[in-house]
Amino acid sequence: MSAAYGQDQKQERNDFQSPVNTDEIIVSARRRDEKLIDVPASITAYSSDYLETQNIENFTDYATRIPNLSFQYGQGGNLLWGGSRETTIRGVAGSGTTAYYINDTPVPSSVSPLTLNLDRIEVLKGPQGTLFGASSMGGNLRFITRKPSLTENSGALEVQGAGTKLGGFDFDGNAQSNFILVPDRIGLDVAAGYTVDSGFITTRFPDASGKLSTRKGQGRSEVLAGSATLRIKLTDTLEASINGIGQDSKLHGFPATYFPLPGYQPVSYTVDRDQDVQEFSNDRWGIGSLVLNYAGDGFSIVSSTSYFSRRIEEREDNSEGSITYFADAEPDIDFTNSKIYSDTIATTRLFTHEDRISVDEGAILPGVSAILGVYFQKEHVRTNMPEVIVPALTEAGIQPDYLGASNLVNRNRDVALFGEVYYKILSKLNITLGLRKYWINQKTDAAIDTGYLFFPDGFSDNPELKNRQTGFIPKAVVSYKLDDGGTIYASASKGFRVGGSEQSLPDICSADLANLGVDQEQLRQYKSDTLWSYEVGAKGRLADGRLSASVAAFQINWSNIQQTIFLPSCTLSVTTNGGKARIRGGEFEVSGRPFAGVPLSIQLGLGYTDGVLQEPGVLPQPANSPLPLVPRWTGTISGYYEAPISNSLQLFMAADYSYTSSVKVSDGNSGFYTRKPLNFVNANAGLSFGSSQVMVFVKNLFDKRLNFGNQPSSGFERQELLDDGSYQRLPRGIVSRPRQIGVQYQFSF
């Protein structure tokens, strides 16, 4: 139900006998502001106060604390470190199964803003297709930014310094301020932040003389973020909000190391490479939006227009895997000293417009309220891999003298009509009926892939592809209001994900494709997949209202599953459709103050998921095997304690533990690797006095070295030579940050 504390907690800090009113948290899961406890759905919400007290700053901080949510790299449908992370909710794993929103703007699921200027984070579990469309099969993760005040100037400043084991000095500084430009009419909220996390990976490689050189600090991250929101009350009933938010992230080397098989876990944060290639990733994105809100008599209208732009530039070292490939293909050429890497430039542009009207209960018919809307989105995605010359090929007179080059352009358009009607049959009994009608057009431009990979012709044609899809997404909910203000409910809803297209694979993948029983042309396009989710749940209050609790159980029937498959021989990946899966599970969450008169707030969440691939289709897995990338258990517990030391000095302490059980990862050949469980302990303690606060914190207290998923390879994966003379793949993956200890200072004004 809620993993957050009440939004007015700061005003209550001197009243330790008062419970935290978690049931008063406001969310917009149904595209209108409502109390969390009133929404008949499973939702985890983090308020800005919870983000602050638990020192939550980035994606890993909050994503590891949400029941039945997990994440992994290498499943994003592209070859980029910055674009490959995917989120799984309730076992619905894969690219594009969880929708991400910043306010009303949909963004790629690998976008994760700092918690710099957030009012709250909402995690909606289960299909949300009626109100949010495609790619909401598992659920939604929504970032809601702070709304400018029209009545009060305020601000805050925060600086912190820390040290990371195996790394160096880490720094974070940010500032936020609210300005009243015209009292009760115009307000401006601005925020800016800069974060540097030191690199903790060490690479070793031979120099020109063959002597081993060492380079530390790989994985160093710099993030510059900012936002500005102008709120204008044009009339007593009409309000405009103009918002800009952006982030520039730079990686000096990847936070990745090798996972030797069969253990499939990091054994060292020192990585031996054959060549001196400095990898990097530069990821820059921004959003501009205009939102108009009109509050009429018994209804309200929202019109939202936004533009999202993103550019990712990356370099990845592919020397080892590519040299192994060339050793077989061109045995007479010496590639020993060849630096073979790939550059990738990916751009995304999204224009989104939505108009919706909310009708209050009784405005049209007794007991009836509703929301109706129209949605339009236009998307342009370009992925360019330019030529990177391999000098050994040039010297040997071989053309093309580069491994591969491509330029893939996708254009998508989504138009939809949607609505939900809420009918109060009796004073406490309600039904919800929802429907979305969508029209989706996709186009992949004609392109030519070139390079040595497509020998002997040196090129491969990719004809233009078009796809049109239309359909309905229904939803139904029955809910009953409890005497304590809680709710019990049952729901059935449909989710879907649109199909897509990808570039042709080189001929070296033919054997792998034959083993799957598919041909090249079949794999240029994959179809949409759908699911039905059935859920029952309850929300209520415990311990004389001091605690809020929720429980939910669900079953999901998933058909025509889109899955990314690793091809073991050519070490590339492809997306295709599988068969059917069944997912069952549940969630339990409780938050608030368990003991009367004790200023201790707790949050507890537990999730269980059992996913089974009933019919694998073309997937290289046996029937009734585990659904890949689905953890059976997820759990979190956190606490926050605050007590006065004197009239002007207060002590506070916070700690949390999060756990995600192991997952199965397909090896591409009817078997699995096991990714070990993830578990973190974080803590902080400090003093607050007047408008200031000083805090000491630690993240990853027990210095766990964890596997976050495969680094997606834009070239050939490295092969490890075994004692018997055969080769075995050596996966490379993203790893958790070692223990970090630091000091933070905050000042409010």
Side-chain angles (χ1 to χ4, degrees), residues 79-80 203-213 215 254 258 271-280 313-345 383-408 447-462 503-513 520 567-574 711-722 725-730 732:
L79 304 177
L80 295 171
T203 57
R204 299 188 301 191
F205 50 87
D207 62 16
S209 65
K211 183 180 178 181
L212 195 64
S213 296
R215 178 181 290 135
F254 300 132
Y258 289 112
V271 181
D272 290 324
R273 305 303 302 263
D274 288 353
Q275 304 294 329
D276 177 16
V277 176
Q278 180 56 63
E279 297 177 308
F280 65 84
E313 299 179 33
E314 288 193 7
R315 173 167 293 174
E316 181 190 348
D317 182 9
N318 301 316
S319 297
E320 294 88 2
S322 298
I323 289 174
T324 300
Y325 165 72
F326 278 126
D328 290 334
E330 300 288 348
D332 297 330
I333 302 176
D334 183 10
F335 291 90
T336 304
N337 296 317
S338 294
K339 296 181 180 180
I340 305 177
Y341 58 87
S342 61
D343 288 340
T344 306
I345 303 169
T383 304
N384 178 37
M385 297 184 68
E387 302 173 5
V388 177
I389 302 299
V390 180
L393 291 177
T394 307
E395 294 170 5
I398 295 177
Q399 295 293 328
D401 56 355
Y402 53 92
L403 197 58
S406 63
N407 186 39
L408 181 67
I448 298 177
D449 298 334
T450 62
Y452 182 90
L453 274 177
F454 304 99
F455 197 82
D457 298 326
F459 67 90
S460 174
D461 283 322
N462 291 289
Q503 291 164 291
S504 298
L505 293 169
D507 290 342
I508 57 174
C509 296
S510 297
D512 289 315
L513 299 182
Q520 180 71 263
L567 303 176
S569 296
C570 68
T571 74
L572 300 177
S573 296
V574 66
Q711 157 77 29
S713 177
S714 58
F716 293 106
E717 193 175 52
R718 186 171 190 168
Q719 303 292 301
E720 183 178 28
L721 181 62
L722 301 180
S726 63
Y727 283 91
Q728 172 179 269
R729 64 179 295 212
L730 183 60
R732 185 181 179 213

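Excluded from the calculations below are hydrogen atoms, water molecules and symmetry mates; all remaining heavy atoms, backbone and side chain alike, are included. In what follows, residues are counted from 1 in the order of the sequence shown.
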Original post:
Side chains of Gln728 and Gln719: does their closest heavy-atom pair fall under 4.5 Å?
Top reply: no
Original post:
How far apart are the closest heavy atoms of Phe454 and Ser460, and which atoms are they?
Top reply: CD2-CB, 3.5 Å
**OP:** For the pair Glu387 (side chain) and Ala405 (backbone), establish whether a donor and an acceptor sit closer than 3.5 Å, ignoring hydrogens and angles.
**Re:** no
**OP:** State, yes or no, whether a side-chain contact exists between Arg215 and Phe205 at a heavy-atom distance under 4.5 Å.
**Re:** yes
**OP:** Find the distance between CG (Asp334) and CD1 (Ile323) and round it off to the nearest 0.5 Å.
**Re:** 9.0 Å
Original post:
Any sub-3.5 Å donor-acceptor pair from Gln275's side-chain atoms to Thr336's backbone N or O?
Top reply: yes
**OP:** Measure across Ala396 and Ile333 and return the closest heavy-atom pair with its distance rounded to 0.1 Å.
**Re:** CB-CD1, 3.5 Å
Original post:
Where does the angle between the aromatic ring planes of Tyr452 and Tyr325 fall among parallel (under 30°), tilted (30 to 60°) and perpendicular (over 60°)?
Top reply: perpendicular
Original post:
Testing Asp276, Thr203, Asp207 for side chain to side chain contact (heavy atoms under 4.5 Å, CB included) with Ser213, which one passes?
Top reply: Asp207
Subject >> From CD (Glu720) to OH (Tyr727), nearest 0.5 Å >> reply: 11.0 Å
**OP:** Applying side-chain contact (heavy atoms from CB on, under 4.5 Å), run through Val390 and Asp401 and close with a yes or a no.
**Re:** CA-CA 6 Å; Val390 180; Asp401 56 355; 5.9 Å; no
Subject >> Residue pair Arg315, Val277: steps toward the side-chain contact (heavy atoms from CB on, under 4.5 Å) verdict >> reply: CA-CA 9 Å; Arg315 173 167 293 174; Val277 176; 4.3 Å; yes
Subject >> From CG (Asp449) to CZ (Phe459), nearest 0.5 Å >> reply: 11.0 Å
Subject >> Residues Val271, Tyr258; criterion side-chain contact (heavy atoms from CB on, under 4.5 Å); working and verdict >> reply: CA-CA 7 Å; Val271 181; Tyr258 289 112; 3.4 Å; yes
**OP:** Using the side-chain contact (heavy atoms from CB on, under 4.5 Å) rule, take Leu393 and Phe335 through it: C-alpha gap first, then chi angles, then the decisive distance, then the call.
**Re:** CA-CA 9 Å; Leu393 291 177; Phe335 291 90; 3.8 Å; yes
Subject >> Closest heavy-atom pair and its distance - Leu453, Pro506 >> reply: O-CB, 3.7 Å
Original post:
Rounded to the nearest 0.5 Å, how far does CD of Glu314 lie from CD1 of Ile345?
Top reply: 11.0 Å
Original post:
Distance only, no hydrogens: is a donor on one side chain within 3.5 Å (strictly under) of an acceptor on the other, for Thr450 and Tyr402?
Top reply: yes
Original post:
Checking Arg273 side chain against Asp317 main chain: does a donor-acceptor pair fall under 3.5 Å?
Top reply: yes
Subject >> Nearest non-hydrogen partners of Ser319 and Ser338, listed with the distance >> reply: OG-O, 3.9 Å
**OP:** To the nearest 0.5 Å, tell me how far Asn318 CG sits from Glu279 CD.
**Re:** 8.0 Å
Subject >> Taking every non-hydrogen atom, the tightest pair across Val388 and Ser342 >> reply: CG2-CA, 4.5 Å
Subject >> Arg732 side chain reached by Glu320 side chain, heavy atoms, under 4.5 Å >> reply: no
Original post:
Could Asp272 and Arg718 be called an ion pair, given the rule that one side-chain N must be under 4.0 Å from one carboxylate O?
Top reply: no
Original post:
Considering only heavy atoms from C-beta outward, does the side chain of Phe326 approach that of Ile340 to under 4.5 Å?
Top reply: yes
